[in-house]
Amino acid sequence: MAKDIYIGEVAANEEIQIDYFLMKVTLPSDFTEPLPGQFVMIRIAGLHDPFLSRPISIYSYTRGKSNCAIELLYRVVGKGTQILAGLIKGSQVEISGPLGGSYSIDHQKKNIVFIAGGIGIAPLSLLAEALCRKASYSAAAMTFYLGAQTADAVVGLNRLRKLCYNLTVCTDDGSLGQKALVTKAFQKDIKKYSPSDTVIYACGPKAMVQSLSKILDGKYLCQVSLEERMACGVGACVGCVVAVKDGQGKPAYKRVCADGPVFDLQQIIWE
Amino acid sequence: MAKDIYIGEVAANEEIQIDYFLMKVTLPSDFTEPLPGQFVMIRIAGLHDPFLSRPISIYSYTRGKSNCAIELLYRVVGKGTQILAGLIKGSQVEISGPLGGSYSIDHQKKNIVFIAGGIGIAPLSLLAEALCRKASYSAAAMTFYLGAQTADAVVGLNRLRKLCYNLTVCTDDGSLGQKALVTKAFQKDIKKYSPSDTVIYACGPKAMVQSLSKILDGKYLCQVSLEERMACGVGACVGCVVAVKDGQGKPAYKRVCADGPVFDLQQIIWE
Amino acid sequence: MSVEIGGLKLKNPVMTASGTFGYGEEYADYVDLNQLGAIVVKGLSLKPRLGNPPPRIMETAGGMLNAVGLQNVGVDVFIKEKLPFLRQYDVAVIANIYGESTLEYSQVAKKLSQAEGVHALEVNVSCPNVKKGGLSFGSDPKAAAEVTRRVKAETHLPVIVKLTPNVTDIAAIAQSVEEAGADAVSLINTLTGMAIDLKTRTPHLKNITGGLSGPAIKPVALRMVWQVAQRVAIPVIGIGGIMTVEDALEFMIAGAKAVQIGTANFINPHATIEIIDGIRHYLQNNKIKNINDIVGTLRT
Amino acid sequence: MSVEIGGLKLKNPVMTASGTFGYGEEYADYVDLNQLGAIVVKGLSLKPRLGNPPPRIMETAGGMLNAVGLQNVGVDVFIKEKLPFLRQYDVAVIANIYGESTLEYSQVAKKLSQAEGVHALEVNVSCPNVKKGGLSFGSDPKAAAEVTRRVKAETHLPVIVKLTPNVTDIAAIAQSVEEAGADAVSLINTLTGMAIDLKTRTPHLKNITGGLSGPAIKPVALRMVWQVAQRVAIPVIGIGGIMTVEDALEFMIAGAKAVQIGTANFINPHATIEIIDGIRHYLQNNKIKNINDIVGTLRT
Ligand SMILES: Cc1cc2nc3c(=O)[nH]c(=O)nc-3n(C[C@H](O)[C@H](O)[C@H](O)COP(=O)(O)OP(=O)(O)OC[C@H]3O[C@@H](n4cnc5c(N)ncnc54)[C@H](O)[C@@H]3O)c2cc1C
Ligand SMILES: Cc1cc2nc3c(=O)[nH]c(=O)nc-3n(C[C@H](O)[C@H](O)[C@H](O)COP(=O)(O)OP(=O)(O)OC[C@H]3O[C@@H](n4cnc5c(N)ncnc54)[C@H](O)[C@@H]3O)c2cc1C
Ligand SMILES: Cc1cc2nc3c(=O)[nH]c(=O)nc-3n(C[C@H](O)[C@H](O)[C@H](O)COP(=O)(O)O)c2cc1C
Ligand SMILES: Cc1cc2nc3c(=O)[nH]c(=O)nc-3n(C[C@H](O)[C@H](O)[C@H](O)COP(=O)(O)O)c2cc1C
Ligand code: FES
Ligand code: FES
């Protein structure tokens with residue numbers, strides 16, 4: 001899994017919904033095929049405002065004859081993502097990656113449950129794709145809970161529909177699907193999934209993950225992808241840590257970029 | 001001559017010669033009509049890299065029905081001008097101006113001589129236009145000496161031809177016009193211009209201005225536009241100074257942005 | 001929106017920083033001076049000063065270096081030629097003063113105290129550009145206190161002492177000038193820095209070193225304001241890299257009762273007005289009646 | 001291209017700065033470690049350190065704040081688990097060390113001196129994140145000298161003392177550690193800074209303050225390197241905001257015999273290699289045979 005820094009070319013960059021963009025970046029073919037959950041650090045070469053690169057999950061990967069391409073699904077929240085949103089086709093971006101570890105797809109579990117909040121769909125979508133490619137899993141065995149504040153913030157639905165037949169959409173205001181928090185929607189169904197037969201993959205805002213942690217109460221195998229502010233993205237600055245229980249159950253600070261971004265939910269120590 | 005800061009829209013931005021760009025910026029109609037020699041400070045709103053705004057002379061001004069437009073003729077020399085060069089039609093720029101004083105066109109002299117080095121043509125071209133509009137001057141009374149290192153660095157020639165019939169072009173390498181320094185070309189003709197009947201307008205690199213200063217030896221009325229690194233552009237930071245003789249002949253530091261950019265050549269104190 | 005600094009009531013907590021707003025007139029086309037909390041003018045000395053030879057400024061990452069060397073018209077010309085312009089406006093005028101000796105400080109202070117239209121003095125003990133034997137007054141608690149006492153003795157005006165960041169313990173200096181009678185402290189002045197021209201292997205500034213200002217220094221300024229605000233009882237005025245209303249509010253939350261806008265004026269001549277409007281909106285949106293209620297409210 | 005620092009010969013004058021390059025392995029995919037002048041590893045303490053709670057970093061204009069709090073595996077684990085990886089490479093390894101007391105400094109130094117594959121020690125007397133009673137060792141000439149002496153007594157390795165910029169007179173500290181036997185000084189460590197989250201009115205860093213690094217601080221670093229280089233005879237290693245070969249050369253012209261690349265690694269993982277290549281080209285283009293010939297050649 002070698003990583004390096006590459007000049008990518010923006011092949012497309014579309015506002016698919018208000019404030020949500022889908023960017024396709026063409027990369028040299030030696031860019032390593034990413035695993036689901038991995039991310040890249042992206043920046044505009046030579047521009048120091050904003051200063052740090054931004055971590056964005058890899059949403060898709062395709063290999064062409066002489067190059068490859070990744071897609072990034074992102075939400076404009078500040079200066080960095082705003083600048084990304086302004087890039088036109090043909091612009092160059094600097095991409096470092098693929099970075100971080102991945103969701104583990106080797107569990108032999110009957111039920112596969114995804115729980116995504118908002119933009120958290122990005123890594124989970126790539127994961128669902130990877131699982132679909134595995135012979136042992138069928139789209140029928142996978143259930144996807146997708147939540148967002150409003151219908152406008154539900155992105156990536158169409159692609160997901162092709163990967164996953166059991167799909168529950170919820171919004172905080174009921175403007176699409178159920179009117180419920182995604183964790184509540186899952187909780188209603190929880191009886192369907194016995195802890196020993198189930199693996200849960202989650203990604204979303206901290207509040208969602210925390211509430212999920214309460215609901216699962218340590219009984220389920222749950223892998224969750226976390227976000228923290230990052231500087232290096234490769235484990236060198238020790239800036240992006242979260243508190244987790246280490247092997248001996250003692251608290252330790254682990255780097256989201258290098259030790260994560262995917263963690264066992266049970267290990268995370270909430271303040 | 002009120003000045004303010006305006007959002008301008010790039011109406012055109014063409015590379016007219018390698019590394020030389022002509023940018024047309026549309027501005028609200030309350031942008032004050034500039035005088036020849038005045039400049040603007042330009043930047044990309046919200047972008048702090050590069051940090052300071054860049055001073056660029058006003059090369060032309062046109063008034064439309066609901067707005068007005070200025071042209072900037074600039075050479076890419078560093079980060080700031082590179083970013084300007086990258087702007088596409090429709091991009092927004094922040095323009096503060098018009099700034100500084102202007103060439104004085106009220107001299108009642110028979111001969112008007114322009115001496116421009118490289119991009120120094122920008123303010124002088126606007127000046128020539130202004131003089132042509134004045135009834136008392138004719139294009140025939142104006143002589144223009146335009147110099148540059150190579151033919152590639154001779155810009156704005158076509159427009160100039162319409163303003164000025166007596167036009168001497170020289171390049172350091174002889175790739176266009178005479179093979180000579182522009183100051184030397186002028187020196188050859190100097191006898192044609194008697195000090196009392198002549199006004200000289202100059203703009204160009206420091207070396208050119210300094211050599212002109214030697215040639216004129218204090219005998220001619222010569223107005224020259226100077227360049228210095230600038231921060232505020234309005235006279236507040238006292239950062240852009242040059243040493244000049246003040247009213248009493250004593251040395252003083254004058255601000256290029258507010259006390260200039262046009263100075264009497266005789267007043268300038270060279271190190 | 002109004003705040004009080006050592007008895008001087010300001011319409012709002014936003015002032016211009018000395019040396020970045022000339023004598024007010026330079027920005028009068030851009031800014032309605034009546035709307036400002038105060039105008040702090042370019043540093044004044046007893047005699048006119050030629051200043052340093054150019055080049056005097058250099059751009060840096062997120063900031064700039066300057067070595068103007070306190071070029072100014074001198075206190076007499078200021079009173080005669082610059083003050084009348086400022087008197088036309090309904091705005092507090094704060095004279096920033098500088099001296100090469102404690103005597104000179106007190107002389108400048110005295111002249112300005114007798115002039116009409118000066119509402120407070122800001123004592124620059126920190127300018128890193130003009131060398132005075134060794135380090136500046138502002139890097140030694142005793143020397144800073146001595147300057148403060150001398151200026152206080154000559155004036156009835158509120159005295160703000162402006163501190164240098166180029167010290168190990170800025171809070172100790174602040175305490176020392178507080179004890180010496182300062183009515184307020186303002187900080188920070190510029191950090192001393194340097195830049196080199198590779199082509200010529202000479203410093204980009206003729207003066208070799210210069211003062212670093214702009215957003216690059218904001219984190220340092222904010223930290224110092226927070227440290228000082230915890231150690232002194234007099235008002236603290238926050239300065240350093242403030243570009244937006246958010247920046248200004250950060251300083252106030254850290255403990256600054258007012259702020260000064262410096263280099264931002266160069267980048268955006270409307271910065272002061274936008275920040276004043278922004279503070280007004282912030283207070284409205286957060287239903288805060290009295291601006292003083294946000295000062296020093298950092299939760300740590 | 002080779003330079004010598006206190007008897008240690010380096011292939012070239014470009015090292016990584018402590019805390020920004022992990023233990024080398026983090027960047028091994030990006031950089032051929034064999035090409036580096038030296039790798040300075042993350043600061044090591046006697047016992048493993050948990051470090052500060054997050055958030056630990058925050059972006060600023062042209063830089064970043066960090067308050068990692070010297071999280072590290074401890075000197076024993078470093079020797080057992082991290083050094084073997086580095087020994088695979090033909091590169092000088094410099095161990096950056098930290099202690100809460102002079103005793104701890106000397107204990108860490110001793111352990112590292114006995115380990116195979118450590119070529120020099122860099123003594124961090126300057127970390128602003130971990131509080132020790134009051135100010136850091138590095139802000140007091142006497143304390144800095146004392147640490148230097150204790151470390152020197154325990155090691156045969158070259159000792160580089162890394163200075164903090166948060167002081168009034170950095171050259172005085174440099175002179176003091178030189179007298180105490182330091183083989184070289186490196187500077188600067190980070191400037192102490194702060195940032196505030198307006199929404200919550202809490203500091204962006206859990207530790208409240210943190211260290212500012214990146215191009216924002218380059219002018220200050222360059223000035224200090226220049227000041228120190230004029231006052232000490234031992235080699236000076238320049239650090240602070242170096243992003244490009246031009247930046248590195250500015251430091252060398254100001255008087256640095258070598259440079260360290262810190263935050264730049266985060267922005268451009270190839271930065272070190274690009275700077276090494278850039279220096280090579282610069283020397284070729286300017287027909288300079290010996291790199292030492294450019295050190296301290298600033299014309300003022
Ligand atoms: C491993 C990882 C994968 C990510 N994948 C995606 C993705 O696929 N799509 C997507 O839209 N976003 C993703 N993010 C979040 C994304 O990095 C931030 O939204 C982005 O950095 C914000 O930059 P900005 O300049 O626009 O906003 P800023 O102005 O920097 O910040 C705006 C807000 O976002 C918060 N923020 C800043 N950086 C981060 C960060 N690294 N993580 C979380 N919050 C942050 C800030 O605290 C602030 O509240 C991911 C983050 C991580 C760590
Ligand atoms: C009143 C005035 C009018 C000008 N008009 C024009 C114009 O019409 N067309 C044009 O192409 N240029 C003009 N210039 C010069 C222009 O401002 C600089 O070329 C520009 O600022 C360089 O910015 P940069 O970021 O591209 O280069 P930088 O990377 O900042 O610098 C590259 C080189 O240009 C030099 N430089 C930087 N700023 C200035 C400056 N303000 N004046 C002179 N040299 C500078 C630097 O010292 C360096 O050698 C004018 C300058 C002034 C002061
Ligand atoms: C060009 C310039 C000139 C300055 N002149 C003075 C001065 O005369 N007296 C003074 O006390 N501070 C002076 N300063 C310092 C500023 O008032 C302010 O303290 C500093 O720039 C930090 O604020 P900023 O980052 O908002 O600019 C000057 C700063 C600049 C940039
Ligand atoms: C995330 C981070 C961690 C650091 N950790 C250490 C450390 O452990 N020991 C040390 O001496 N300096 C440490 N530093 C300081 C750097 O080595 C360097 O002195 C400083 O960052 C300035 O250089 P730069 O601007 O190139 O980053 C750290 C810096 C950063 C950004
Ligand atoms: S971002 Fe640097 S360790 Fe994770
Ligand atoms: S650029 Fe500020 S005075 Fe001229």
Would a 4.5 Å heavy-atom cut-off, applied to side chains only, mark [X] and [Y] as touching?
| X | Y | value |
| --- | --- | --- |
| Arg56(C) | Arg229(B) | no |
| Tyr253(B) | Asn52(C) | no |
| Glu228(B) | Ile57(C) | no |
| Phe51(B) | Thr60(C) | no |

Output yes when Arg255(B) and Glu26(C) qualify as a salt bridge under the 4.0 Å nitrogen-oxygen rule, no when they do not.
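So Arg255(B) pairs with Glu26(C) through a salt bridge.
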Check this for me: does any side-chain nitrogen of one of Arg54(B) and Glu59(C) sit under 4.0 Å from a carboxylate oxygen of the other?
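Salt bridge between Arg54(B) and Glu59(C), a charged N being under 4.0 Å from a carboxylate O: yes.
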Atom pair [atom1]/[atom2] of [X] and [Y] - distance to nearest 0.5 Å:
| X | Y | atom1 | atom2 | value |
| --- | --- | --- | --- | --- |
| Leu52(B) | Thr263(C) | CG | OG1 | 8.5 Å |
| Ile5(B) | Asp29(C) | CD1 | CG | 12.5 Å |
| Cys232(B) | Met64(C) | SG | CE | 8.5 Å |
| Arg43(B) | Phe266(C) | CZ | CZ | 12.5 Å |

Sort [X] into side chain, backbone, both or neither according to what part of it lies under 4.5 angstrom from a heavy atom of chain C.
| X | result |
| --- | --- |
| Pro251(B) | backbone |
| Met41(B) | neither |
| Asp4(B) | both |
| Ile269(B) | neither |

May I ask you to check whether over 12 heavy atoms, not counting those of [X], lie within 6.0 Å of atom [atom1]?
| X | atom1 | answer |
| --- | --- | --- |
| Lys24(B) | NZ | no |
| Gln149(B) | CD | no |
| Arg201(C) | CZ | yes |
| Lys206(C) | NZ | no |

Closest approach of Thr20(C) and Ala236(B), non-hydrogen atoms and distance?
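Residues Thr20(C) and Ala236(B), closest heavy atoms: O-CB, 4.0 Å.
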At a 4.5 Å cut-off on heavy atoms, which part of [X] comes close to chain B: side chain, backbone, both, or neither?
| X | answer |
| --- | --- |
| Tyr23(C) | neither |
| Met58(C) | both |
| Pro48(C) | neither |
| Phe21(C) | backbone |

Would you mind telling me which of Pro215(C), Gly214(C), Ala28(C), Ala61(C) has the largest number of heavy-atom pairs within less than 4.5 Å of chain B?
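Among Pro215(C), Gly214(C), Ala28(C), Ala61(C), the one with the most close pairs to chain B is Pro215(C).
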